[in-house]
Asker: 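Starting off with a structure, shown below.
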Amino acid sequence: MNGPADDRLVVCIDLRHELDDVMDPDSLDERFREAMRDAHVRSADVSRVLVIDTVGSLLQHHAAYERLCSNALVSTLLCLAVGQLPGPDGRVLDLPSQLRPPMAATLWVGDVRGIGWRPGQGRSLSLTDADIAADDITGLEPLIDLLKVAEVFDETVSTLGELPSAVASPALRLLVHEVPDEDLIRTELQAVNECVSLPDDLRTGSAPGGVLDVLAGYAAPDDLALEDCLPEDSLLRQAHWRCVERLAEADDRLTRMTGWRGLLAPPAHLAALGESVREAGHALADYRDVIEQTFEWADGRAGLDADGRDHLTHMGIRLPHVQGTRPEEIGAELRERVTTRLRRRRPLPEIVSWLRDFAERSVPAGSAAQLDRLRRVCPDTLLDTLVDPPPPSLGVRIVRAGAWSAVAALAAAAGPLGIWGALLVLALLAAGAVRTAGSPAAVPRVTAGALAGIWLTGSAAGLALRSAGVPAWADVPLLVLALLATALAAGALWAAALGRWRTDSGLAEAAEAGERLGEVLDRGVLRHWLLADARAGASDQARALAHLVQAVCTTLTEFAGQLGRRARPAWEDGPPRTGGTSPAGGRGGRTQAVEYVGQAGLALQTTLAGDMADLVAEVLAPYWEVVLRDPSSAAGLPVAARTDELMRVFQQHLAQVGTTPTPPFASASAGRPDPATLVGVDLRRIVDVLRRDGRDDALQLCSPDQLRVLDRAPGSSQGFGFVPHAMQGAFWKALADVSGSGKVPGDRPRPAGAVPGDGWTVDRSPDPAALPDIVWTASGRFAGLLRLVPLSTGAVRTVWPEEADTSGTSRQAPAAPPAAHAPGETG
C-alpha cells in the first residue's frame, strides 16, 4: 500500500448487472473482497460505495438500496443515476427513501453527451456531438473513475449534502494525465528491454570486501592466522618438522663430507652419509603420505562430513569459525548484493552472470583434487632416489681439478726429481680419483683421459723448463708446490663429485619439495577445509538465486516480445490524442468533458524502469528465505507464474490509474516525479481549467430540455477543483506565473484556509473568485473541475417502500412542479 489514502477504496457496484450479488449478503461481502483484490490490497476501508443505476430502475431497486445502507461495512453511498426523468413532463426524479443525507447522495446524469452551459446562462447553449447514446453509461467511465478517487468521492458527497435533497446534476471538466497508448507501450517496452538486455559494460566481478570475496578467493579471512588452524603440536606439523630436520641433518653431513675430512675419512663415513639421505627420503615420503591421506579422508568437495571432520581432529587440525560464514549470513550478503544491483537498475543478465561467476569461484574443488599437485611437487622418482641414492661419481667437469693437476705436474717435472716427480704426481692423482669414484672401474674414461692429458702436458712443460735451467734454490719450493697442487687437485675432484652427488641423490630438490608440500597443506587448510561447508553452501545458494533471476528474466523477455508485437512503429501512429478522444485503452465513448494530456519522455521511461526493478524485487521477495534455506527447491518455485501475475497487475495499474501513482508492488520513493513531470503535463492548463473563465467551459451532463429541471440561479450551484497532491507546489507556482503576482501561495507551510483530512485537504483559495475549493488527491491521474447544480424545488420526490409498486412508479402521481427560470428568463 502506498501513501495514506491507499487503504480507502471506493467500491463500484453496477445494479444493472449486480443486483443479485447485492441481495445476497455473502455475495455482497465477496464483492467487497473482489474490489480489494482488484486493488491488490489485503486490508482496506470499503465503506464508500458508488452505485451505478438507471433512473427508471431506482424504485425497483428499493430493496437493494436498503440492503446496502444497512450493511455494517457501508457508511457512505453515492448513486449515479442515468437517464431521462419518467413521466409525460419529465420533471420529477423519484428516489428511494434510502438515498438521503447524511449517508447517501445522488448524481443525476440526464444525457451523457452533455451541453455547454453555465449557471445563469439563458440562451446560446453549446450542443455537443458524440458517437454514443444519451443514456450510454460507457460514456461516463471517466466520471466513474474520478468518483472512485476517495478524496473526490468524499467531497462530492459532502457537497451534495449541502444541496436540497442531496441531488445534483454534475458538470465536468476533466484532464486525464495519460500518454497515448502506443507511446506508453513503446516506453514500457524500452523499460523492459533495459531490464532484460545484456549491457555493454557487463560487471561480473565481486566488489572488494565482504565475506563473499573470501569465499570466492579474492581475499583472505581477517583476523585469522594459519597457526590458529594448524598448531605446532598437530601430527601434520610434527611430520613437517621431522622432514625438515632429517633433510637438514643430511645436508649438514654432506657439507662436512665435502672438505678434506671427508676425503681422508674412512669409507664408513660415506656410508653414514648415504644412510642419512635415506632417512631424509623416508621422512619426506611420510610427510607427503600423511598429507595425501588427510586430503583423501577430508575432501570437502561438498562440505565436510563427520568422518572428514573426525580425521582432521585426529590430525590436530582446528577449524575455527570464520565470521560471517554461517548459511544465513552468507544468504543475507547474497541477498543484499542482488537487491543493491536491482536498486541500481542493473540488468538481470548481469546479475545472473555475477551470481554464476561467484558460484563457480566459490564452489569447493575438493582437497582430493590436490593429490596430483602433491605428486608433482614431490614425485615418486625423487623419493626413490632419496631412499636408494647412487654412489658419488666423477663427472666430466674437472676444470678446477685439471688446473691444479697441470700445476702439480709442471712443478714436479721442473723440480729436482724430474720425470720421477711427475710420475709421483700422477700416482697421487690416480689414487685421489679412485678414492673419489670408489673403485678404478668407476672412474669415467673421459675423466681419466682428460686428467692424463693434462698431466702429460704439464710434465712436458716442466721437463722443458728444467732443461732450460732451474736455479738450485727453486728445487725445494717446486717440490712443495707440486705436492700442494696435487692435494688441491684431489680435493677438487672430491668436492666436484659430492656436489654432483647432492643433485643425483635428490637432496637439493628434496628441501624445496618439503617447503612446497607445506604450502599445499596450508592452502588445503585455508581454502578447502576451513571454508568447505561455507563455500559449498554459498555456491548452492548463488546458483539457486541465479536460477530464480534467470526465470524472471526469461519471463520478462517473453513479455517484451508481446509488447513488441503490440507496439506499432512511430510512422504508423495517428495524430496525438487531444480533447474529445476516448479514454486510454479504448474504454468508454467519446465526450467533450474529458481531455487526455501527456506525452512519453525520459522521465517516464526512467520511472517505468525503476518500477520494473521493484517488480523483480517483489517477485523474489517471497522466495528469499526458501531458496537460501534449501537451494534445491529453486527449480520447483513458481517464479514465472508470479512474474506473469505481477506484470498483469502492472498492466491493470497502468490502464486503471495511469503511470503517476506508485504501483502496488513498488517501493514508495520520494524521488518519484510528480505527474506533471512524469507525463509532461503543462500545469498552466490545469490553472486555466480552474480559473473563472475555464470553469465556464465545464460540460453539463444533461440535455437542453432537461435544464428546466435544474436550479439555474447563478449562486445555486456548488463545485470544487481537484489536483494531484504531488502537483501542489508546482501548481501554486504555475498559478503565480499565470496571474503575474509573483507570490506563490504554496510558499507557506499550509495555505490559508486549508482543512486537513484523511490524506487530503480542501484548500480555500486566497482569491475565491479566481479559484474554486481545491481537493488535493492522492491519485495523480486526474485534475479538473466538478460542478454540482441542484435540481429545482419539487423536482425530487422521495418515495418510501410502501408508496412504490412493483413497476417502480408511485401510486400517486405528483403534481408537476413549476419550472425554474434563471433571472431574466421567461417561461
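These numbers come from the heavy atoms of this one structure, side chains and all, not from hydrogens, waters or symmetry mates.
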Asker: For Ala534 and Ile330, which heavy atoms make the closest approach, and how far apart are they?
Answerer: O-CD1, 3.7 Å
Asker: Return the minimal non-hydrogen interatomic distance between Arg345 and Ala613, and the atom names on each side.
Answerer: CG-CB, 4.4 Å
Asker: Could you walk me through whether Cys553 and Gln550 pass the side-chain contact (heavy atoms from CB on, under 4.5 Å) test, one step at a time?
Answerer: CA-CA 5 Å; Cys553 183; Gln550 182 59 57; 4.3 Å; yes
Asker: Can you list the steps and then say if Val616 with Thr643 is a side-chain contact (heavy atoms from CB on, under 4.5 Å)?
Answerer: CA-CA 8 Å; Val616 175; Thr643 306; over 6 Å; no
Asker: Please report the closest heavy-atom contact between Pro347 and Ser197, naming both atoms and the distance.
Answerer: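 So the two residues come closest at CB-O, 3.2 Å.
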Asker: We want to know whether Arg343 and Thr340 form a side-chain donor-acceptor pair, criterion being a heavy-atom distance below 3.5 angstrom.
Answerer: yes
Asker: Under the salt bridge (charged side-chain N to carboxylate O under 4.0 Å, His left out) rule, collect the residues that match up with Arg375, sequence neighbours excluded.
Answerer: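 Per chain and number, Arg375 pairs via salt bridge (charged side-chain N to carboxylate O under 4.0 Å, His left out) with Glu292, Asp380.
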Asker: Using the salt bridge (charged side-chain N to carboxylate O under 4.0 Å, His left out) criterion, which residues pair with Glu625? Sequence neighbours excluded.
Answerer: Arg335
Asker: Calculate, to the nearest 0.5 Å, the distance between atoms CG and CD belonging to Leu334 and Glu329 respectively.
Answerer: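 Interatomic distance, Leu334 CG to Glu329 CD, rounded to 0.5 Å: 12.5 Å.
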Asker: Quick check: closest heavy atoms across Ala510 and Leu284, and the distance to 0.1 Å?
Answerer: CB-CD2, 3.9 Å
Asker: Can you name the closest pair of heavy atoms from Ala239 and Val290 and give their distance?
Answerer: CB-CG1, 4.0 Å
Asker: Which atoms form the tightest heavy-atom contact between Phe358 and Leu212, and what is the distance?
Answerer: CE1-O, 3.2 Å
Asker: Can a cation-pi geometry be assigned to Arg341 and Trp354, taking NZ or CZ under 6.0 Å from the six-membered ring centre and within 45° of the ring axis?
Answerer: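 Yes, Arg341 and Trp354 form such a contact.
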Asker: Do side-chain atoms of Ser539 reach the backbone of Arg535 as a donor and acceptor pair under 3.5 angstrom?
Answerer: no
